[in-house]
Student: 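Structure below; questions to follow.
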Amino acid sequence: MDDYIKGLNDPQREAVLHKDGPIMIIAGAGSGKTRVLTNRIAHLIGTGVPAYNILALTFTNKAAGEMRLRIEKIIGDKAKDIWMGTFHSVFAKILRFEADKIGYTSSFSIYDTDDSKSLIRSIVKERNLDDKVYKANVVLNRISGAKNRLISYREYLNNPIYAEDDRAYRRPEIGRIYKIYQERAIKSNAMDFDDLLFNTNILFRDHPAALQKYQQKFKYLLIDEFQDTNLSQYLIVRRLAAAHHNICVVGDDAQSIYAFRGADIQNILNFEKDYPTLQTIRLEQNYRSTKTIVKAANSLIAKNKAQLQKDVWTSNEDGNLIRLFKAMSDNEEGKMVAQSIFEEKMQHQLGNNDFAILYRTNAQSRSIEEALRKANIKYKIIGGLSFYQRREIKDLISYLRYTVNHKDEEALKRIINLPKRGIGNTTLQKVLATAYESELPLWEVISNIRKYVTGRATTAIAGFAELIKKFEDASTKLDAFETASLVAKESGLLKDLYEDKTIEGLSRYENVQELLNAIKEFVDNPDNQEKDLSAFLQEVSLATSADEAEDDGEEKVTLMTIHAAKGLEFQQVYVVGLEEELFPSQMALSSRNELEEERRLFYVAITRAEKKLTLSFATSRYQYGRIKNCEPSRFLKEIDPRFLEQGQGKTNAANHVNTSFVKNLRPQRSAPAQNFTHKPSPNFKPSDTRNLQAGMKVEHLKFGLGMVKAVKAHNNDRKAVIAFEKAGEKTLLLSFAKLKIHE
DNA sequence: CGCCTGGTTCGACCT
DNA sequence: GAACCAGGCG
């Protein structure tokens, strides 16, 4: 037993040794939560609980994998039998087993956000609604919000509150769209992300035998990052725990940052009501950060009203004060950060891995990346456009999805004319309309196209149907990798890419190869019990951006959003873009709840740092291609100034920024300048010249995408693209205002 | 049908 | 700046 509790403090030990009954662990930032969780699971198994009776729900699949490895180190191979993963991946797996009970087949597709939005767009169009009012994003958010609260479309349509609300926003048709969306998804044998949880609830609600089976299987439940579960997720675990009440939740209300997708702090607050015998343990000692960082974080989060009483402390050293950089522009901010990282590496013999740069939005990475590249500092970006979102990858995946599931309408739309085989939108619409009107399955219409539709494109469609039949046939005889290779080749996708000799085309080709490699690995991995194509597709659809492995052995600075940084720690952390309307974001300003969530987000960012923390903001920044003036974030003023460099005794942090750094970082002069000599043609219409200033010099001309030349101008610190010139047509000049001048 | 292009719009964060 | 769309033309 000593093995499990060696070196733990009292509350940690208590959390590990507690075995039966409900327990809630409130784990402050850096309080050794992962260690407690792993040791607790190891202890359960060590005291006789079979590994397959344990279900551990984590926030990312990567976190699950790492935890499994750590448990394996303690108890060995048995750890393989623990069910571990995200809510979505675990319950998708269960739904595959039980699909027939809820009107699906086990090869159901998982719609990603793009698929969902595309489906909504077609419904809005079919119903002749105004797509300015019924924007796909808005509608999807509304539907998603309902599903996360377990409101079906029937309930939605019958609920006067929703109807009232939608009418107030002049979107009365949302309930109808929800209904059609859902019917269409079922017809396509497809579930979106929210359906995975929603349908699990339905399964457990309507099929007591199934529920019982999983209750008996999962005798011990552990839920990590409990503060970020939504109602739908919570009800699933509550149902599962109903038989044994062995439920352990771990979370920190101060780190709840996913309210926007339905996470509900009430889950933590209500937990005690649902489990009166609940034992609550608080882990308040921080092992990660310096006193300065812990206290600064506390001083910030104290401004929030809605929170559980907690006193996070540390016995670590005081450490450095928190640095604050003020930059003139986002580009300069990048330079300061790059320069600072360079210096820190030199002074303290650190590697790139010791640094992380965190930002509020993915778009902010651009200026930072540029600066790091110029400074020759290797970096990696977590998140952003993921591998699986790339066009060529989605193309092949759509083929695979359609091969496995002929009902998958969104996949069909993507591939039916890819590569071009002369099936245009008109034809596609005709086929879809035929299927809807005669209430036939899509595949029935496509595979017997001449029976239903006449016209030129029928030959092309018949050819397409042959192709798909061939793929389907292959999938029954070959393994997932062989099938996918065949599909890539015979569909013509690979050939298209191969013939594209541009740099872009080359990398696309490589990406497809990489996807095939991934499938090969999946097939060869002995830990995977199911190796068919749909198992692979399921895994791929639910891969988190944080899951993407990228390991060429080189040390790199990590760039990511704060959301993606949850659960991670770095010796030195830079939080950039601390400007009002960016962080906190514009939209959060009007609502106190949202403002408090932004504050928690900043709290998460600060508490990622072990030794040194640097905050920065710019006084101007690009947005939608134009310059925006920025004010320092209110959050900077909320940190107790005693913990900020040069902050003694003053109240306004932003006024005593360390500016010594700025002097060394004047923008460098580049490229020979020449006077701007272009004469605007009669067609010249200056649409936006806000960034165009007197005295600007033309820096260089650029051949951009296609046939367009860009004329760029700059003076000392402003840079602007002021015109595009169409090749061949002398001087059709349009005016734009941009800051970017490189490349 | 398919390509080109000019116009328009954009509420971040993630499964 | 990028993604998406409508409209025009070969």
Side-chain angles (χ1 to χ4, degrees), chain A residues 59-61 85-92 110-114 116-118 121 125 131-132 135-138 141 144 147-148 191-197 228-230 232-233 257-263 358-364 366 382-386 388-389 391 417 420-428 455-457 460 538 540-547 560-566 577 581-591 594 597-598 600-601 604-605 622-626 683 685 687 704-708 710 721 724 726 729 732 734 736-740:
Chain A
F59 205 71
T60 63
N61 292 306
T86 63
F87 270 92
H88 287 88
S89 66
V90 164
F91 294 111
I110 297 174
Y111 275 0
D112 67 13
T113 311
D114 286 341
S116 299
K117 281 198 243 176
S118 149
R121 266 192 287 269
K125 200 174 268 179
D131 58 6
K132 301 266 179 333
K135 286 182 202 150
N137 241 333
V138 173
N141 278 339
S144 170
K147 283 183 189 169
N148 286 334
M191 299 189 201
D192 66 20
F193 292 132
D194 304 314
D195 288 336
L196 293 172
L197 306 172
D228 285 322
T229 52
N230 60 37
S232 180
Q233 292 169 322
I257 54 174
Y258 280 96
F260 71 89
R261 68 173 204 213
L358 309 182
Y359 35 77
R360 180 67 182 84
T361 72
N362 278 307
Q364 288 166 255
R366 200 219 79 227
I382 311 283
L385 192 61
S386 93
Y388 293 108
Q389 310 257 50
R391 197 184 70 195
N417 198 27
K420 301 262 179 302
R421 45 173 78 89
I423 306 172
N425 198 257
T426 329
T427 312
L428 177 62
R456 301 183 45 154
Q538 179 191 299
V540 155
S541 319
L542 298 175
T544 329
S545 55
D547 294 334
M560 62 188 145
T561 63
I562 301 167
H563 282 91
K566 192 165 80 157
E581 296 187 2
L582 177 61
F583 192 12
S585 83
Q586 167 74 53
M587 309 112 229
L589 294 178
S590 56
S591 133
E594 283 189 64
E597 173 147 323
E598 295 278 304
R600 290 193 295 268
L601 195 56
V604 169
Y622 276 106
Q623 202 175 36
Y624 298 146
R626 52 179 74 95
N683 295 338
K685 31 174 188 169
S687 61
L705 294 173
M707 315 278 281
V708 178
V721 173
F724 281 115
K726 239 167 97 185
E729 295 175 26
L732 172 64
L734 297 169
F736 290 94
K738 310 255 159 104
L739 209 108
K740 207 165 117 185

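Each chain gets a letter, A, B and so on, in the order its sequence line appears, and its residues count up from 1.
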Student: Answer with base, sugar-phosphate or nothing: what part of the nucleic acid does Gln364(A) contact at a heavy-atom distance below 4.0 Å?
Tutor: nothing
Student: Mind checking whether Arg360(A) and Leu601(A) have side chains closer than 4.5 Å, heavy atoms only?
Tutor: yes
Student: Using a 3.5 Å distance criterion without hydrogens, assess whether the side chain of Asn417(A) forms a donor-acceptor pair with backbone atoms of Gly422(A).
Tutor: yes
Student: Rounded to the Å, how far apart are Asn137(A) CG and dC5(C) P?
Tutor: 12 Å
Student: Examine distances only and state if a side-chain atom of Asn148(A) and a backbone atom of Asp194(A) form a donor-acceptor pair shorter than 3.5 Å.
Tutor: no
Student: Tell me whether Lys147(A) is salt-bridged to Asp195(A), with the criterion being a basic N under 4.0 Å from an acidic carboxylate O.
Tutor: yes
Student: Considering every strand and a 4.0 Å limit on heavy-atom distances, what is the contact class for Phe87(A): base, sugar-phosphate, or nothing?
Tutor: nothing
Student: Roughly how many Å is it from CG in Asp194(A) to P in dC14(B), rounded to a whole number?
Tutor: 16 Å
Student: For the side chain of Arg360(A), counting heavy atoms from C-beta on, which of dA12(B), dC10(B), dC14(B) is nearest?
Tutor: dA12(B)
Student: Take the protein atom CD1 of Ile382(A) and the nucleotide atom C1' of dC14(B), then report the distance between them rounded to whole Å.
Tutor: 14 Å
Student: The side chain of Asn362(A) lies closest to which of these nucleotides: dC14(B), dA6(C), dA12(B)?
Tutor: dC14(B)
Student: Give the nucleotide from the list dT9(B), dC13(B), dG2(B) with an atom nearest to the side chain of Lys132(A).
Tutor: dT9(B)
Student: Send over the distance from Gln623(A) CD to dG1(C) P, rounded to a whole Å.
Tutor: 13 Å
Student: Specify the residue among Gln586(A) and Ser541(A) whose closest nucleotide of DNA chain B lies further upstream toward the 5′ end.
Tutor: Gln586(A)
Student: In whole angstroms, how far is the C1' atom of dC14(B) from the CD1 atom of Ile562(A)?
Tutor: 14 Å
Student: Considering only side-chain heavy atoms of Lys125(A), which listed nucleotide, dG2(B), dC14(B), dA6(C), is closest?
Tutor: dA6(C)
Student: Between Lys420(A) (NZ) and dC4(B) (P), how many Å, whole number?
Tutor: 10 Å
Student: Indicate the ring-plane relationship of Phe193(A) and His88(A), choosing parallel, tilted or perpendicular according to the 30° and 60° boundaries.
Tutor: perpendicular
Student: How many Å lie between CD1 on Ile110(A) and C1' on dC14(B), as a whole number?
Tutor: 15 Å
Student: Remember a base hit wins even if backbone is also touched, and classify Arg121(A) as base, sugar-phosphate or nothing at under 4.0 Å, heavy atoms.
Tutor: sugar-phosphate
Student: Scan Asp112(A) against the nucleic acid and name what it touches under 4.0 Å (heavy atoms): base, sugar-phosphate only, or nothing.
Tutor: nothing
Student: Answer with base, sugar-phosphate or nothing: what part of the nucleic acid does Ser89(A) contact at a heavy-atom distance below 4.0 Å?
Tutor: nothing
Student: Side chains of Lys135(A) and Arg121(A): closer than 4.5 Å at any heavy-atom pair?
Tutor: no
Student: If you check the Thr561(A) side chain, which of dT9(B), dC13(B), dA6(C) turns out closest?
Tutor: dC13(B)
Student: Between Ser585(A) and Gly422(A), who's closer to the 5' end of DNA chain B by nearest nucleotide?
Tutor: Gly422(A)
Student: With heavy atoms under 4.0 Å as the rule, sort Glu594(A) into base, sugar-phosphate or nothing.
Tutor: base
Student: Would you kindly give the NZ-to-P distance between Lys566(A) and dA12(B), to the nearest whole Å?
Tutor: 20 Å
Student: When you compare the ring of Tyr258(A) with the six-membered ring of dC14(B)'s base, are the centres less than 5.5 Å apart and the planes under 30° from each other?
Tutor: no
